[in-house]
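To start, the structure itself, in structure tokens.
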Amino acid sequence: MNTPRLFTLLPEELVTTPDGMAIAADGELVLSCPNFADHSRPACLVKINANHQVRKWVDVPVHPDTGIACPMGIAFGPDGDIYVCDNQGWSGSPEGSFQGRILRLRIENDQVVSTTIVAQGMEHPNGIRIRDGYMYVTQSVLTKVQDPTGLLRSCVYRFGLDEEGIQIHNNLDDPHMLTSLLTLNENDQYGADGIEFDPQGNLYVGNFGDGAVHKITFHPDGSVKDNVVWAKNPEQLQTTDGMVMDEAGNLYIADFSANAIAKVYPDGTVERYAQSPDSDGFQGELDQPSEPIIWNGKLIVSCFDLVTGPGKVNTKHELPATMSELDL
């Protein structure tokens with residue numbers, strides 16, 4: 001087991017709930033801050049430099065019907081624009097229901113100079129990866145889909161990088177739906193979340209409630225060949241939130257509920273890599289990790305520290321929000 005260290009305490013005036021991460025062209029780390037714990041702090045993207053100094057980069061454009069933004073997964077396109085999963089549904093407000101968006105932001109001189117709505121009407125867009133001219137987005141719940149088992153369906157969407165104005169219907173007939181997942185754990189009905197590609201172009205998606213990783217392979221024409229459970233070990237991995245793969249093909253996963261990080265080897269073997277007890281995270285302990293990223297040779301982890309209840313190690317929300325660091 002590895003011992004996490006404190007990466008940074010985040011400024012309270014900017015961040016209450018940190019989430020997704022991406023690396024900018026200038027090498028700085030970008031962190032999405034949906035600030036679900038306190039929407040009086042505008043949802044924003046912050047930048048962190050090599051000295052761990054944190055500054056606001058931009059506020060994320062709010063939804064006109066809800067007055068807030070809810071940025072979670074983020075990814076840079078090849079032209080430097082950043083794509084944002086605006087997960088309005090996560091807020092739980094009636095106004096945010098089925099109002100999720102994928103935003104494309106062009107940012108110049110620390111200002112959003114152009115906002116494109118790639119897709120809208122989404123129930124719960126969460127994680128995003130970009131590869132070969134497409135973005136792949138997880139949607140964690142599909143409540144409009146009534147599976148015969150009575151269990152939850154979730155899915156992965158695929159959009160072209162230059163598409164815009166797509167209306168999502170949140171059913172299995174959406175032409176942009178790539179594949180769907182069924183969450184078997186009746187006690188945690190939350191589905192597709194973390195997402196990552198390997199160098200060969202295979203797609204990995206975390207089925208959150210099942211603590212499972214699905215491997216999705218493709219035919220030459222880009223259609224799905226297989227969607228199978230590739231890694232699962234309940235004793236080592238309880239829930240699969242954000243994930244990142246290293247150059248050796250090892251997958252690091254935020255185990256949100258267990259306050260842990262799991263490592264999945266290329267053969268699908270799962271082991272717990274680090275774990276912390278319930279804490280405020282101020283000494284670097286994992287405090288409800290939501291996403292890991294590899295940056296400057298370290299594993300950096302954002303700590304969501306908000307959700308409590310059955311099955312969760314976390315028992316309360318504390319400020320300042322924190323980020324942890326682990327050796328690889």
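This is a predicted model, so every value here is computed, not measured.
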Taking all non-hydrogen atoms of both residues, which atom of H317 and which atom of A37 are closest, and how far apart? NE2-CB, 3.5 Å

Scanning both residues in full, the closest heavy-atom pair of A254 with I261 reads CA-CD1, 3.9 Å

Closest non-hydrogen contact found for P266 with A248 is CG-O, 3.6 Å

Students should find that the hydrophobic cluster of F256, defined by side-chain heavy atoms under 4.5 Å apart, otherwise consists of F36, M72, W90, V141, L152, Y190, F208, F304, L306, V307

So, E95 and H63: side-chain donor and acceptor under 3.5 Å apart, yes or no? no

More than 12 heavy atoms of other residues, nucleotides or ligands under 6.0 Å from CD of E186: yes or no? no

Test of ring centre spacing under 6.0 Å for Y157 and Y136: no

List in chain and number order the residues that pass side chain to side chain donor-acceptor pair (under 3.5 Å) with N35, two or more places apart in sequence or in another chain; answer none if no residue qualifies. T16

Is there a side-chain contact between L142 and Q139 (heavy atoms, below 4.5 Å)? yes

Please report whether the ring centroid of H52 lies less than 6.0 Å from that of F7. yes

Step by step, work out the side-chain hydrogen bond (donor to acceptor under 3.5 Å, both in side chains) result for N207 and T183. CA-CA 7 Å; N207 192 337; T183 301; 2.7 Å; yes

Quick test of your reading of the model: are K215 and D226 salt-bridged, counting only N-O distances below 4.0 Å? no

Considering only Ile, Leu, Val, Met, Phe, Trp and Tyr, and joining two whenever side-chain heavy atoms are under 4.5 Å apart, list the other residues clustered with L184. L151, L182

Apply side-chain hydrogen bond (donor to acceptor under 3.5 Å, both in side chains) to S290 and D241, showing your working. CA-CA 6 Å; S290 59; D241 204 319; 5.4 Å; no

Quick one: salt bridge (Lys or Arg N to Asp or Glu O under 4.0 Å) partners of D305, sequence neighbours excluded? none

N126 versus T138, side-chain donor and acceptor atoms under 3.5 Å: no

Are the side chain of W295 and the backbone of A50 linked by a donor-acceptor contact shorter than 3.5 Å? no

Audit row: D210, K232, salt bridge (charged side-chain N to carboxylate O under 4.0 Å, His left out) steps and yes/no: CA-CA 8 Å; D210 285 353; K232 181 177 169 64; 5.2 Å; no

Looking just at side-chain N and O atoms, do E123 and T143 make a donor-acceptor pair shorter than 3.5 Å? yes

Side chains of S302 and E291: do they bring a donor and an acceptor to under 3.5 Å? no

Can a donor-acceptor pair be found, under 3.5 Å and without considering hydrogens, that links the side chain of Q88 to the backbone of I68? yes

Exceeds 12 heavy-atom contacts within 6.0 angstrom, atom CG of N109: no

Under the 3.5 angstrom rule, does the side chain of Y83 hit a backbone N or O of L161 as a donor-acceptor pair? yes

Listed partners of E196 passing salt bridge (Lys or Arg N to Asp or Glu O under 4.0 Å), at least two apart: R129

Heavy atoms of H39 and C70 approach each other most closely as CE1-SG, 4.4 Å

Name every donor-acceptor pair, under 3.5 Å, that has one atom in a side chain of residues 110-119 and the other anywhere in the protein, sequence neighbours excluded.
from: D110; atom 1: OD1; to: W57; atom 2: NE1; distance (Å): 3.2
from: D110; atom 1: OD2; to: R55; atom 2: NH1; distance (Å): 2.9

side-chain hydrogen bond (donor to acceptor under 3.5 Å, both in side chains) assessment of S140 paired with S154: CA-CA 5 Å; S140 302; S154 58; over 6 Å; no

Does the side-chain hydrogen bond (donor to acceptor under 3.5 Å, both in side chains) test come out yes or no for N202 and T217, once each step is laid out? CA-CA 5 Å; N202 301 306; T217 58; 5.3 Å; no

Under the rule for salt bridge (Lys or Arg N to Asp or Glu O under 4.0 Å), what residues qualify as partners of D59, not counting sequence neighbours? K56

Exceeds 12 heavy-atom contacts within 6.0 angstrom, atom CD of E247: no

Could I get the full list of side chain to side chain donor-acceptor pair (under 3.5 Å) partners for E325, not counting sequence neighbours? R5

Which residues pass the side-chain contact (heavy atoms from CB on, under 4.5 Å) test with A258, not counting sequence neighbours? Q238, D255, A260, R272, Q275

Do the side-chain N and O atoms of D86 and Q99 include a donor-acceptor pair separated by under 3.5 angstrom? no

Do you see a donor-acceptor pair shorter than 3.5 Å between the side chains of T322 and D287? no

For K47, which residues count as a side chain to side chain donor-acceptor pair (under 3.5 Å) partner, sequence neighbours excluded? D26

Is there a donor in the side chain of H169 and an acceptor in the side chain of D174, or the other way round, less than 3.5 Å apart? no

Which residues share a salt bridge (Lys or Arg N to Asp or Glu O under 4.0 Å) with R104, sequence neighbours left out: D79, D81, D162

Which residue is it: N250, N2, I294? I am looking for the one with a side-chain contact (heavy atoms from CB on, under 4.5 Å) to L328. I294

Return the set of residues passing side chain to side chain donor-acceptor pair (under 3.5 Å) with E271 (not counting sequence neighbours), or none when no residue passes. Y265

